[in-house]
Structures are given as structure tokens and as C-alpha cells.
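Comments concern the structure below.
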Protein chains: 2
Amino acid sequence: MREFLRGAVRLHILHHAAEQEIHGAWMTEELARHGYAISPGTLYPTLHRLEADGLLVSEQRTVDGRVRRVYRATEAGHAALAEDRAALAELAREVLPKQS
Amino acid sequence: MREFLRGAVRLHILHHAAEQEIHGAWMTEELARHGYAISPGTLYPTLHRLEADGLLVSEQRTVDGRVRRVYRATEAGHAALAEDRAALAELAREVLPKQS
DNA sequence: AATCCGATATCGGCTTCCGATACTACCGGC
DNA sequence: GCCGGTAGTATCGGAAGCCGATATCGGATT
């Protein structure tokens with residue numbers, strides 16, 4: 001059984017897409033940097049889903065002669081991020097002992 | 001797409017099973033109290049999985065003439081709880097702004 | 001012994017996961 | 001201007017998980 005990886009990935013994506021443009025490969029690295037190994041078979045469908053749900057918008061862009069699909073959070077994406085953060089904070093309050 | 005409900009449920013279960021005996025119906029209420037609506041079709045398989053993974057042990061017990069299956073966390077369950085808490089804390093540190 | 005009730009278990013259809021593989025577009029070398 | 005390399009994205013297919021609905025179970029009540 002996997003822990004809350006799914007939610008963590010979603011949160012990270014929204015978190016970063018809310019303040020800068022992201023793209024799949026970069027997101028993969030960023031997540032790996034935080035210890036989350038995500039396979040392309042999970043990441044790309046997740047991005048597509050977030051876009052289909054209206055939380056992200058994407059645009060094809062060419063950078064250094066490479067084609068990328070860059071994403072940014074929509075207004076709804078920002079709202080969803082805020083909600084998720086609140087849920088996370090509450091969860092932390094509930095099951096985390098005292099605290100830093 | 002669902003947020004980190006799955007992980008939250010797991011965490012809550014381990015959290016409570018680590019300090020007292022729990023049973024399915026009670027856990028359902030407790031989760032509902034915190035805003036998590038979980039269906040029996042999710043909860044019971046989850047409990048079974050946690051037990052199959054050696055994180056919980058169960059025992060049939062009769063309380064007030066009602067049969068319950070009560071669960072407690074094993075040693076491995078406590079360890080898993082600690083890990084999950086650490087992961088949660090790190091996630092919170094990463095994506096939560098400053099602090100409450 | 002029939003019924004009720006709290007509690008647990010299972011079923012079926014759907015969504016999601018994720019490793020592997022394929023595709024696309026651009027590059028440099030020659 | 002073809003060829004292999006490479007970065008990045010997409011898809012496929014089997015397995016796992018989700019969850020509403022329904023079934024089952026065991027003790028209590030009458």
C-alpha cells in the first residue's frame with residue numbers, strides 16, 4: 001500500500017505551477033529531489049487530469065530547440081491549492097505530535 | 001481526482017490503533033468527525049490490507065452482545081506510523097506557507 | 001424460530017497506478 | 001540532407017484501489 005504519494009504529487013504540482021511555469025520533466029526532477037519517485041506513466045496522466053479538471057492550463061513551447069508543454073495554475077488551481085493546503089494543515093494538526 | 005484521502009485514512013487508522021483498540025464502525029465515525037467520508041467498501045478492505053501487511057492485528061470480540069473485530073497496531077504498525085508522520089511533516093514543511 | 005440490528009464482508013464497475021515502450025521534434029556530425 | 005542521439009511527452013495494458021450497493025453474520029428480543 002502506498003502512502004499519500006498521490007496527494008503529495010498533486011500538491012507539489014499545484015504548488016509550483018502556482019508560482020512559475022512547470023513542465024513534466026522538471027516536475028519529475030523536483031519530485032525526485034524530495035524523495036518522490038514518479039513514473040511518466042503516472043505523471044503525465046495526472047497533469048492531463050488536472051488540466052481537464054480546469055486546475056492547470058498548458059501551452060506548447062519550444063525551449064532550446066526542445067518542445068515542451070508548460071503548465072500554469074488557473075484561478076481554480078490556486079483555489080484547489082489553498083483547499084489542499086488547508087486539508088494538509090488540518091491533517092498535520094490532528095496526527096502530528098506537538099510540533100515545530 | 002481525489003486528494004490525499006487515502007493517506008489520511010491510513011494515517012488516522014494507524015494513529016488511533018497505536019494508542020487504543022479500534023473497530024470499523026468507530027473508525028468510520030471518527031473519520032467522519034474529521035470530515036472524511038469513507039465507505040465501508042473502502043474501509044474494510046483497507047483494514048484487511050493493513051493487517052495483511054502486518055501493521056495491525058485483529059481479534060474478534062463481543063461487546064454489549066455485538067460482535068466486533070478490534071484492531072491494534074503492531075510494532076511494525078508503530079514504525080509505519082512514525083514513517084508516515086515524518087513524511088507528512090516533511091510535506092507540510094515543503095508546501096505549507098510559514099505557519100499557523 | 002423469526003426478526004431486528006449493529007457490524008463486517010464482498011461484489012462489480014470504474015478510476016488510477018505505473019513500468020515499459022513508443023512517438024515526436026530538434027540537434028550535430030558527416 | 002540522412003542518421004543516430006537525446007529531451008520530452010504520450011500511450012498501453014495489467015494490476016491495484018475506490019466505493020456504493022448489497023449480502024452476511026451473530027447475538028438479542030420477543
Side-chain angles (χ1 to χ4, degrees), chain A residues 1-14 16-17 20-33 35-53 55-72 80 84 87, chain B residues 1-14 16-17 20-33 35-53 55-72 80 84 87:
Chain A
M1 189 198 208
R2 221 41 259 120
E3 26 211 308
F4 34 44
L5 287 209
R6 212 200 316 192
V9 165
R10 173 190 159 109
L11 215 34
H12 266 102
I13 290 174
L14 288 175
H16 287 109
Q20 67 188 279
E21 284 185 350
I22 63 168
H23 60 108
W26 180 85
M27 203 62 229
T28 299
E29 283 174 34
E30 173 67 15
L31 286 168
R33 202 172 304 137
Y36 300 101
I38 189 168
S39 94
T42 300
L43 179 63
Y44 289 105
T46 297
L47 288 171
H48 298 165
R49 222 172 14 249
L50 288 173
E51 182 167 22
D53 289 350
L55 307 184
L56 297 180
V57 280
S58 76
E59 178 188 346
Q60 199 126 324
R61 176 158 318 165
T62 299
V63 177
D64 279 340
R66 301 285 176 218
V67 177
R68 286 179 183 171
R69 178 162 293 274
V70 298
Y71 292 86
R72 288 198 66 89
D84 285 6
Chain B
M1 187 198 211
R2 219 45 256 119
E3 26 210 307
F4 35 41
L5 287 210
R6 213 199 315 190
V9 166
R10 172 191 158 106
L11 216 35
H12 265 102
I13 290 174
L14 288 175
H16 287 109
Q20 65 187 279
E21 285 185 347
I22 64 168
H23 60 108
W26 180 86
M27 203 62 229
T28 298
E29 282 174 33
E30 173 66 16
L31 287 167
R33 203 171 303 139
Y36 301 100
I38 188 168
S39 94
T42 302
L43 178 64
Y44 289 104
T46 297
L47 288 172
H48 298 168
R49 217 166 26 244
L50 289 173
E51 181 168 24
D53 290 351
L55 306 185
L56 297 179
V57 281
S58 76
E59 179 188 345
Q60 198 126 324
R61 177 158 319 164
T62 300
V63 178
D64 278 340
R66 301 287 176 217
V67 177
R68 287 177 181 172
R69 178 161 296 272
V70 298
Y71 292 86
R72 288 199 67 88
D84 285 7

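Everything quoted here is computed from the prediction, not taken from an experiment. First the proteins, then the strands, lettered A, B, ... as listed; each starts at 1.
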Worked check of side chain to side chain contact (heavy atoms under 4.5 Å, CB included) between A:Trp26 and A:His16: CA-CA 11 Å; A:Trp26 180 85; A:His16 287 109; 3.7 Å; yes
Options D:dT9, D:dG27, C:dA9, nucleotide nearest the side-chain atoms of A:Ala25: D:dT9
Non-hydrogen atoms of B:Pro45 and B:Pro40 that approach each other most closely: CD-O, 3.6 Å
Protein-nucleotide distance (A:Leu43, atom CG; C:dC18, atom C1'), rounded to Å: 11 Å
Close side-chain approach of A:Ser39 and A:Thr42, heavy atoms under 4.5 Å: yes
Spacing of B:Thr28 atom OG1 and B:Leu43 atom CG [to the nearest 0.5 Å]: 4.5 Å
Distance-only donor-acceptor test (3.5 Å): side chain A:Ser39, base C:dG19: yes
Dump every N/O contact between nucleotides 28-30 of chain C and the protein below 3.5 Å, one line per pair.
none

Length of the CZ-P vector between B:Arg61 and D:dG26, whole Å: 18 Å
Check against side chain to side chain contact (heavy atoms under 4.5 Å, CB included), B:Leu5 and B:Ile38: CA-CA 9 Å; B:Leu5 287 210; B:Ile38 188 168; over 6 Å; no
Polar contact flag, side-chain donor to acceptor under 3.5 angstrom, B:His12-B:Glu30: no
d(CG, B:Leu47; P, D:dG17) in whole Å: 14 Å
Residue whose closest nucleotide on DNA chain C lies nearer the 5' end, B:Val70 versus A:Pro40: B:Val70
d(CZ, A:Arg6; P, C:dC17) in whole Å: 4 Å
Listed nucleotide nearest any side-chain atom of A:Val67, set D:dA10, C:dC17, C:dA25: C:dA25
Candidates C:dC17, C:dT8, D:dG8 - which lies nearest the side chain of A:Arg68: D:dG8
Residue-phosphate contact under 4.0 Å: A:Thr42 side-chain N/O, C:dC17 OP1/OP2: no
Whole-Å distance separating the CD atom of A:Gln60 from the C1' atom of D:dA10: 11 Å
Residue-phosphate contact under 4.0 Å: B:Arg49 side-chain N/O, D:dA16 OP1/OP2: no
Length of the CG-C1' vector between B:Leu5 and D:dG20, whole Å: 16 Å
Side-chain heavy-atom pair B:Tyr71, B:Met27 within 4.5 angstrom cut-off: no
Length of the OH-C1' vector between B:Tyr44 and D:dG17, whole Å: 18 Å
Euclidean distance, atom NE2 of residue A:His48 to atom C1' of C:dT15 [Å, nearest integer]: 17 Å
Exercise: identify the closest heavy-atom pair between A:Gly24 and A:Leu47: CA-CD1, 4.2 Å
Kindly list each side-chain donor-acceptor pair under 3.5 angstrom involving residues 55-62 of chain A, sequence neighbours excluded, with atom names and distances?
{"from": "A:Ser58", "atom 1": "OG", "to": "A:Glu51", "atom 2": "OE1", "distance (Å)": "3.3"}
{"from": "A:Ser58", "atom 1": "OG", "to": "A:Glu51", "atom 2": "OE2", "distance (Å)": "2.9"}
{"from": "A:Ser58", "atom 1": "OG", "to": "A:Arg69", "atom 2": "NH1", "distance (Å)": "2.7"}
{"from": "A:Glu59", "atom 1": "OE1", "to": "A:Arg61", "atom 2": "NH2", "distance (Å)": "3.1"}
{"from": "A:Glu59", "atom 1": "OE2", "to": "A:Arg61", "atom 2": "NH2", "distance (Å)": "3.1"}
{"from": "A:Gln60", "atom 1": "OE1", "to": "A:Arg69", "atom 2": "NH2", "distance (Å)": "2.6"}
{"from": "A:Arg61", "atom 1": "NH1", "to": "A:Glu21", "atom 2": "OE1", "distance (Å)": "2.7"}
{"from": "A:Arg61", "atom 1": "NH1", "to": "A:Glu21", "atom 2": "OE2", "distance (Å)": "3.0"}
{"from": "A:Arg61", "atom 1": "NH2", "to": "A:Glu21", "atom 2": "OE2", "distance (Å)": "3.2"}

Distance, nearest 0.5 Å, that separates CD1 of B:Ile13 from OG1 of B:Thr46: 6.0 Å
Nucleotide N/O of nucleotides 1-5 of chain C paired with protein N/O under 3.5 Å:
none

